[in-house]
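In what follows, chains are A, B, ... by sequence order, proteins preceding strands, each numbered from 1.
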Amino acid sequence: MNAAPAAASTLTGLILTSTNRQSLIKSLLCPSIYWTPLLVDTILKQLWNHGPKALQFFHILLHNHPTYVHSASSFDHAIDIAARLRNYATVFTLLDRMRSLRLHPTPKTFAIIAERYVAAGKPDKALKIFLSMHQHGCLQDLHSFNTILDVLCKARRVEKAWNFFKVLRGRFQADVISYNIIANGWCSIKRTNMALETLKEMVDRGLNPSLTTYNIILKGYFKAGQIEEGWKFFLEMKRRKCEIDVVTYTTVVHGLGVVGEIKRARNVFDEMVNDGVLPSVATYNALIQVLCMKDSVENAILVFEEMLRKGYAPNSTTYNVVIRGLCHREQMERGMEYMDRMRDDDCGPNVQTYNIVIRYFCNAGEIERGLELFEKMSGGNCLPNLDTYNVLISAMFVRKRSDDMLVAGKLLVEMVDRGFMPRRLTFNRVLDGLLLTGNQGFAKEILRLQSKCGRLSKQFKL
DNA sequence: ATAGGGTTAG
């Protein structure tokens with residue numbers, strides 16, 4: 001029994017529509033609301049794309065509620081949001097608050113902060129926070145070492161991860177997972193040779209590569225466009241009777257498909273069943289995606305239907321891939337039908353789904369339909385993200401209408417209000433647009449907003 | 001939230 005999600009949506013709506021802090025406090029402290037960590041976490045996730053509101057909500061419970069005490073996981077969410085807003089002062093206040101409540105920050109907490117630092121272009125800050133974990137009551141171990149390596153690699157700071165790794169691998173006794181993380185990092189920036197080098201060094205140190213290691217290298221070949229090398233590697237994996245799995249097959253289906261080798265991709269897909277390995281939803285998604293890209297959306301939909309017949313439950317990725325395929329072939333209305341099917345299934349359209357259809361409507365010149373969908377998001381429980389705002393604001397410039405400039409300005413104000421930092425280019429386009437259409441007053445307002453944003457980002461630069 | 005397979009378009 002879990003009523004949290006439904007109750008959460010109602011409360012999220014309340015928080016989003018409130019304009020007065022005092023009355024929001026009064027509503028949230030209403031004794032009939034039974035606060036639980038799950039409920040709080042659910043609301044924080046729903047408010048993810050409205051950082052300031054999420055933090056306001058978190059702070060009200062933290063400071064104004066007489067009895068409720070936040071869980072460590074809610075603190076992690078709040079820290080994540082504050083760090084994404086580059087509000088590092090709040091991050092450290094919350095860390096201290098966790099300690100004073102005897103909720104220990106976990107390695108996960110530090111992984112979150114490190115990830116945000118890296119995303120903000122401060123990888124050295126990320127390393128520093130990792131090295132100071134023990135000062136915050138959290139011990140460093142191999143797990144957290146691997147996590148920080150992965151954070152750097154996922155942000156494409158592979159060189160930095162590799163150097164850090166070389167310094168500390170002895171102290172933390174790096175294992176197969178550490179090496180896999182580094183190898184995967186090299187593959188993600190298409191430096192397959194460095195991945196192979198890493199693999200070799202791992203073997204020299206007496207560590208045995210795992211199936212995951214081979215799957216990483218396999219993917220690396222395809223990612224770097226070394227299709228035949230990837231193919232040979234796959235055959236070698238099979239020949240050596242290495243127990244290849246569904247991930248291996250999915251990698252090959254996708255890798256062959258993206259370069260247009262549809263027939264070979266399909267052969268591999270058929271072959272896996274004969275080899276006694278069942279496709280997963282991800283395998284279907286890979287095949288459907290490459291059919292959309294390199295074959296036809298009709299054939300992709302045949303596979304989609306086949307997947308349903310076989311009892312698989314499509315997820316939001318499946319739908320998004322199909323919807324994108326349809327939109328790309330100018331079949332917007334069919335795309336919208338699949339969006340409705342998503343609602344009937346358990347996975348409602350997510351922000352990516354909206355971004356896809358909004359983008360294609362705008363590209364097709366149907367800007368009103370794009371805005372209509374945007375309004376639908378604002379009213380529901382799928383808040384627009386940075387991409388949504390960027391797509392819509394750009395679309396406001398195609399018709400060269402004065403009214404559209406006002407909408408662009410309004411969207412820009414709203415995105416800043418929700419904690420998103422527009423690029424300088426976006427500011428300048430909107431400013432130019434408003435000035436050229438005689439909206440000097442609004443332009444001045446935007447200019448003030450821009451300098452406020454500039455000051456904020458400077459203030460938070462540590 | 002210690003590692004591997006599906007998500008834009010430019």
Could you tell me how the ring of A:F165 sits relative to the ring of A:Y179: parallel (under 30°), tilted (30 to 60°) or perpendicular (over 60°)? perpendicular

From the options B:dT8, B:dT2, B:dG6, select the nucleotide whose nearest atom is closest to the side chain of A:A286. B:dG6

With hydrogens left out and only the distance checked, is there a donor-acceptor pair under 3.5 Å joining A:S280's side chain and the base of B:dG5? yes

Touch check for A:V246, heavy atoms < 4.0 angstrom, all strands: base, sugar-phosphate only, or nothing? base

Under 4.0 Å, counting only non-hydrogen atoms across every strand here, what does A:I356 touch: a base, just sugar-phosphate, or nothing? nothing

Taking atom P of B:dG5 as reference, at what distance in whole Å does atom CD of A:Q289 sit? 14 Å

Counting heavy atoms from C-beta on, name the nucleotide in B:dT7, B:dA3, B:dA1 closest to the side chain of A:I112. B:dA1

Where does B:dG6 land, syn or anti, once you apply the within-90°-of-0 test for syn? syn

Between A:Q352 and A:S316, do the side chains contain an N or O donor and an N or O acceptor separated by less than 3.5 Å? no

Return the nearest nucleotide to the side chain of A:Q352; candidates are B:dA3, B:dT7, B:dA1. B:dT7

How is A:T353 classified with respect to the nucleic acid when contacts are heavy atoms under 4.0 Å: base, sugar-phosphate, or nothing? nothing

Are A:F304 and A:Y338 near enough that their ring centres are under 6.0 Å apart? yes

Using atom P of each nucleotide, how far apart are B:dG5 and B:dA1 to the nearest Å? 15 Å

In whole Å, what is the span from the NZ atom of A:K45 to the P atom of B:dA1? 11 Å

Looking only at the side chain of A:T317 (C-beta and beyond, no hydrogens), which of the listed nucleotides B:dA3, B:dA1, B:dT7 gets closest? B:dT7

Is the A:F222 to A:H254 ring centre distance short of 6.0 Å? no

Which nucleotide, B:dA1, B:dT2, B:dA3, lies nearest any side-chain atom of A:T147? B:dT2

Select base, sugar-phosphate, or nothing to describe what A:N315 touches, counting heavy atoms under 4.0 Å on all strands. base

At less than 4.0 Å, is any side-chain N or O atom of A:H254 found next to OP1 or OP2 of B:dT7? Yes or no. yes

Please confirm whether the backbone N or O of A:C347 pairs with a side-chain atom of A:D345, one donor and one acceptor, at under 3.5 Å? no

Which of these nucleotides, B:dT2, B:dG5, B:dA1, is closest to any side-chain atom of A:N146? B:dT2

Looking across every strand, which nucleic acid part, if any, lies under 4.0 Å from A:D245 by heavy atom: base, sugar-phosphate, or nothing? base

When the distance from CH2 of A:W162 to P of B:dA3 is rounded to whole Å, what number comes out? 19 Å

On the side chain of A:R359, is there an atom forming a donor-acceptor pair with the base of B:dT8 - under 3.5 Å, no angle test? yes

Base, sugar-phosphate alone, or nothing: which one does A:H143 contact when heavy atoms must sit under 4.0 Å apart? base

Looking at CG of A:L103 and CG of A:L94, how far apart are the two atoms once the value is rounded to the nearest 0.5 Å? 11.5 Å

Touch check for A:K154, heavy atoms < 4.0 angstrom, all strands: base, sugar-phosphate only, or nothing? sugar-phosphate

With a 4.0 Å cut-off on heavy atoms, is A:T251 in touch with a base, just the backbone sugar-phosphate, or nothing at all? sugar-phosphate

Value in whole Å for how far the C1' atom of B:dG5 lies from OH of A:Y284: 15 Å

Give one of base, sugar-phosphate or nothing for A:L211, where a contact means two heavy atoms less than 4.0 Å apart. base

Sugar-phosphate, base or nothing in reach of A:N320, heavy atoms under 4.0 Å: base

What does A:T283 touch in the nucleic acid at a heavy-atom separation under 4.0 angstrom: a base, only the sugar-phosphate, or nothing? base

